[in-house]
Undergrad: 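Before anything else, here's the structure in question.
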Protein chains: 2
Amino acid sequence: MTEAEPLLAHKSNCVYCAARPLGVCGALGDGEAFRELRDSRRAVRILDAGMPIYRQGDPTGDLFNLVSGWVVQYQDLEDGRRQVLRFLVPGALFGYEPSGIKGMCHGADALTNASLCVVPAARMAELRARHVEFNERFVWMLERDSRLAFDHLTSLGQRDARERVAHLLLELAIRSTGRYPIEPGETFKIPLNQPLIAEATGLTSIHVNRMLRRLREDQILDFRNGRLTVINPELLVGVAGITDTLLTLWTRAGRAEVEVPCAQHA
Amino acid sequence: MTEAEPLLAHKSNCVYCAARPLGVCGALGDGEAFRELRDSRRAVRILDAGMPIYRQGDPTGDLFNLVSGWVVQYQDLEDGRRQVLRFLVPGALFGYEPSGIKGMCHGADALTNASLCVVPAARMAELRARHVEFNERFVWMLERDSRLAFDHLTSLGQRDARERVAHLLLELAIRSTGRYPIEPGETFKIPLNQPLIAEATGLTSIHVNRMLRRLREDQILDFRNGRLTVINPELLVGVAGITDTLLTLWTRAGRAEVEVPCAQHA
DNA sequence: CGATTGGTTGATTCTACTCAAGCCCGGTGG
DNA sequence: CCACCGGGCTTGAGTAGAATCAACCAATCG
């Protein structure tokens, strides 16, 4: 929990940030505010795969910047049903809630080994007030996340099971690498299992299994053991039903104007 | 489209703002920034029920503050499927997109007769930069909308048809009045029809019809002709599966800390 | 080693969709 | 005046997509 811990322990999980595992990067950019933020982080947390970061109902107060690894956010109902809200890749900022509510309305778990910086919400608000550019970056991130949530709404409401699974896997492939287009046969490491895909798509894991098999038989994609092979990118894009806007938000292209990647990755 | 038009034409649709139809109110508060914003609005638009405000793909650039009436935001797929993203009540600010994308990734229609203020996005950004409190209000609104979207995700992914319909109607009843709890027999004007409920819940209008009938037969609620009667509030809350956090975000309570209602409604 | 988790498949059930028809009602035009 | 129309609502019958129930296998882990 302190900087004295072996912070590089999980660096192999970090796609963008291994060179700078202590930093706050990605969505938060690289300016003066970034340096202030780095200095004002309260702690660095190193997590093993599967560990909870916070639970639904926990008191609010800290924000987290994901330095390496993947995180899943979810919401539980009283009767045990669970909906995955989104998957986070390195660079994400999460854990905020609108002020005025008592506790977190969702939970977050580390999906892989992960490391993250902890920043008190009040400190973040102060930094936003002092640095206009930093504030704009934060607002941009909120607006982008709103659009991603809209896209997921459309998926859950309108697409059938096969389309939903294809859409999710394509999204994660593109978001995790920031690249597009995809070559036939290209592979991606996506640390999900079938029950998780089910919770994200509103299906049962059994049905997800059948959809994955159909997508494999149709020569569209092959997902097994956390490894996605895109057999036919054109077909996949067609089934997933993505738009140019989505591609912009999923790839680094969308961030270019507002978000400056860590120096090492520029 | 100009201030010379009869701005009070639709004032009867305005729940909170009839006394001040020219103003920018609700989510945007009442401070110095509000006065500046009011003076910097570019136009006031008066719309008849059913008219489009903007369409998917239109160029970005203007934000809208809903002064009176209801608005629906939706997303269309290539093949004609449509998902309603959310319903807006007076006071809402909408029409923003993350900077860097080419066109609106969703459309918006007036659901009832409505009036709204048009503010250029650049002007809004400038105001946010100059007025910290105003900026915080805007950020709070983005964060709240993100949580409402998460709730809808959970609904579409996990709840069955009857629960989804009940959840939506309860949300709109509470958000449109800002009050809770609800008395048995209380009625609400909710300007939706069955096809719209269907597009919002990811069901067919035929199935929505059956669910409404079941909810009526179960003595939970009665919805017809845009008029909702809550027969049994406790049962409805149970079926809809709402939480305290949601209630905070739906009622004025959640806005109290950040959002100052128009002076006339304080 | 048993226990557990994830993956796979088949058989069955049920939720929600599709297709089809008829109703009510306001508007329109002969 | 009435015939006609269209939109929204309602209901029934048949169907399809996804859930459920029930096995079984493989890998991992105490």
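Just so you know, these numbers come straight off a predicted model, no measurement behind them. Here is how names work: the chains are called A, B, and so on, in the same order as the sequence lines, proteins then strands, and each is numbered from 1.
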Undergrad: Please state whether the phosphate of C:dT8, meaning OP1 or OP2, lies under 4.0 angstrom from any side-chain nitrogen or oxygen of A:Arg213.
TA: no
Undergrad: Rounded off to whole Å, could you give me the CZ-to-C1' distance for the A:Arg81 and D:dA19 pair?
TA: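 From A:Arg81 CZ to D:dA19 C1': 13 Å.
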Undergrad: Nearest nucleotide by nearest heavy atom, which residue falls closer to the 5' end of DNA chain D, B:Pro195 or B:Arg210?
TA: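 Checking each residue's closest nucleotide, the 5'-ward one belongs to B:Pro195.
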Undergrad: Any donor-acceptor pair, under 3.5 Å, between the side chain of A:Arg214 and the base of C:dT8, if you only look at N and O atoms?
TA: no
Undergrad: From the options C:dT18, C:dA16, C:dT8, select the nucleotide whose nearest atom is closest to the side chain of B:Thr204.
TA: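 For B:Thr204, the side-chain atoms sit closest to C:dT18.
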Undergrad: Which of parallel (below 30°), tilted (30 to 60°) and perpendicular (above 60°) describes B:Phe64 and B:Tyr54?
TA: parallel
Undergrad: D:dG8 P sits how many Å from B:Leu196 CG, rounded?
TA: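 Going from CG in B:Leu196 over to P in D:dG8 covers 9 Å.
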Undergrad: Do A:Thr154 and B:Gln75 have side-chain atoms, one donor and one acceptor, less than 3.5 Å apart?
TA: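 Yes - a donor-acceptor pair under 3.5 Å links their side chains.
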Undergrad: State which of D:dA19, D:dT10, C:dG7 makes the closest approach to the side chain of A:Leu203.
TA: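 Among the listed nucleotides, the one closest to the side chain of A:Leu203 is D:dA19.
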Undergrad: So with a 6.0 Å cut-off around CG of A:Asp79, is the heavy-atom count from everything else above 12?
TA: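 Check passes, neighbour count above 12.
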Undergrad: Does the side chain of A:Gln83 come under 3.5 Å of the side chain of B:Gln158 through a donor N or O and an acceptor N or O?
TA: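 Yes, a side-chain donor-acceptor pair sits under 3.5 Å.
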Undergrad: May I ask you to decide if the ring planes of B:Trp250 and B:His167 are parallel, tilted or perpendicular, using 30° and 60° as cut-offs?
TA: perpendicular
Undergrad: Which of the following nucleotides, D:dC9, C:dG6, D:dC21, is nearest to the side chain of A:Asn193?
TA: C:dG6
Undergrad: Which whole-number value in Å describes the distance from A:Met211 CE to C:dG7 C1'?
TA: 15 Å
Undergrad: Consider the side chain of B:Asp160, meaning its heavy atoms from C-beta on, and name the nucleotide among C:dT8, D:dC9, C:dA16 that approaches it most closely.
TA: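 Of the candidates, C:dA16 comes closest.
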Undergrad: Would you tell me if any nitrogen or oxygen in the side chain of A:Gln194 comes within less than 4.0 Å of OP1 or OP2 on C:dT8?
TA: yes
Undergrad: Pick base, sugar-phosphate or nothing for A:Gly202, based on heavy-atom distances below 4.0 Å to the nucleic acid.
TA: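 Sugar-phosphate contact only.
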Undergrad: How many Å lie between CZ on B:Arg224 and P on C:dC23, as a whole number?
TA: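 Rounded to whole Å, this separation is 19 Å.
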Undergrad: Separation of A:Arg159 atom CZ from C:dC17 atom P, in whole Å?
TA: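 Nearest whole value for this atom pair: 17 Å.
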Undergrad: Tell me which of A:Phe223 and B:His207 sits closer to the 5' end of DNA chain C, going by the nucleotide each one is nearest to.
TA: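 Whichever sits nearer the 5' end wins; that is A:Phe223.
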Undergrad: B:Ile197 has an atom CD1; how far is it from atom P of D:dT10, in whole Å?
TA: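 Those two atoms, CD1 and P, are 11 Å apart.
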Undergrad: Return the value, rounded to whole Å, for the distance between atom CD1 of A:Ile206 and atom C1' of C:dT9.
TA: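 Rounded to whole Å, this separation is 10 Å.
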Undergrad: Round to a whole Å and report the spacing from CG of B:Asn209 to C1' of C:dC24.
TA: 13 Å
